[in-house]
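Here the structure is a predicted model, which means the values were calculated and not measured.
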Amino acid sequence: QVQLVESGGGLVQAGGSLRLSCAASGRTFSGYSMAWFRQAPGWGREFVAALWWGGENILYEDSVKGRFTISRDIANNTVYLQMNSLKPEDTAVYYCAAGPIWKPNRLSDSYGYWGQGTQVTVSS
């Protein structure tokens, strides 16, 4: 049974940093893409970043380019989202997702496995 467990969320001031982790288990993820999405109150789920488990084909949403970095640790089956220069508009619940696609995309329907989410709150 596939499990994705996020951690690392919290409250931070604008300009600060957080690193989210997604511990993946239950299968081998080679051939999968891993992604981060977020959902703010009253808004739909928004794509943030994704990569192929092999480490290539990295994709970012335009508003986080240059501030967020997605990476993975194959040995520990963990995906990270390093978030720097955080802004109040980054406040949301952040979700980790996995899908059997070699080329990651922005569509939530492409990812069949989801974590429970971790709250990120950025104060101004």
Novice: Please examine the side chains of L4 and Y95, heavy atoms only from C-beta on, and report whether any two atoms are closer than 4.5 Å.
Specialist: no

Novice: May I ask you to decide if T69's main-chain N or O and Y80's side chain share a donor-acceptor pair within less than 3.5 Å?
Specialist: no

Novice: Do the side chain of S33 and the main chain of I101 share a donor and acceptor less than 3.5 angstrom apart?
Specialist: yes

Novice: What are the two closest heavy atoms between V79 and W53, and how far apart are they?
Specialist: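 Scanning both residues completely, I find the closest heavy atoms to be CG2-CZ3, 3.6 Å.
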
Novice: Looking at every non-hydrogen atom in both residues, tell me the closest pair between A49 and Y60 and how far apart they are.
Specialist: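 A49 and Y60 have their closest heavy atoms at CB-CD2, 3.6 Å.
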
Novice: SG of C22 to CH2 of W114: how many Å apart, nearest 0.5 Å?
Specialist: 11.0 Å

Novice: Between CE of M34 and OG of S71, what distance do you get to the nearest 0.5 Å?
Specialist: 11.5 Å

Novice: From I74 CD1 over to T78 OG1, what is the distance, rounded to the nearest 0.5 angstrom?
Specialist: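 Answer rounded to 0.5 Å: 11.5 Å.
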
Novice: Output yes when a side-chain donor or acceptor of N57 lies under 3.5 Å from a complementary backbone atom of P104, and no otherwise.
Specialist: no

Novice: Got N105 and F47 here, is their nearest side-chain heavy-atom distance under 4.5 Å?
Specialist: no

Novice: Does the pair Q119 and T91 meet the rule for a side-chain contact (heavy atoms from CB on, under 4.5 Å), with working shown?
Specialist: CA-CA 8 Å; Q119 176 70 48; T91 295; 4.1 Å; yes

Novice: Honestly curious: do I58 and M83 fall in one hydrophobic cluster under the side-chain, below-4.5 Å linking rule?
Specialist: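 Yes, I58 connects to M83 through the hydrophobic network.
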
Novice: Measuring from Y32:OH to R27:CZ, what's the distance to the nearest 0.5 Å?
Specialist: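 If we round to the nearest 0.5 Å, Y32:OH and R27:CZ are 3.5 Å apart.
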
Novice: Does the side chain of V93 come within less than 4.5 Å of F37's, by heavy atoms?
Specialist: no

Novice: Can you tell me how far CD of Q39 sits from OG of S108, rounded to the nearest 0.5 angstrom?
Specialist: 9.5 Å

Novice: What distance separates K65 NZ from L59 CG, expressed to the nearest 0.5 Å?
Specialist: 7.5 Å

Novice: Tell me whether D90 is salt-bridged to K87, with the criterion being a basic N under 4.0 Å from an acidic carboxylate O.
Specialist: no

Novice: side-chain contact (heavy atoms from CB on, under 4.5 Å) for R38 and L81? Distances and angles first, verdict last.
Specialist: CA-CA 12 Å; R38 64 187 179 186; L81 185 68; over 6 Å; no

Novice: Apply the test side-chain contact (heavy atoms from CB on, under 4.5 Å) to residues R72 and F29: give CA-CA distance (whole Å), side-chain angles for both, the deciding distance (0.1 Å), then the verdict.
Specialist: CA-CA 11 Å; R72 90 280 182 260; F29 289 92; over 6 Å; no

Novice: Do V64 and Y111 share a hydrophobic cluster, counting only Ile, Leu, Val, Met, Phe, Trp and Tyr and linking them when any side-chain heavy atoms are less than 4.5 Å apart?
Specialist: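 In one cluster: no.
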
Novice: Do you know the tightest heavy-atom contact between P88 and A14?
Specialist: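 Taking P88 first and A14 second, the nearest heavy atoms are CD-CB, 4.1 Å.
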
Novice: Evaluate side-chain contact (heavy atoms from CB on, under 4.5 Å) for E6 paired with W36, printing each intermediate quantity in order.
Specialist: CA-CA 10 Å; E6 303 97 333; W36 289 95; 3.8 Å; yes

Novice: Which atom names give the shortest non-hydrogen contact between S17 and N84, and what distance separates them?
Specialist: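 Scanning both residues, the minimum pair turns out to be OG-OD1, 2.9 Å.
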
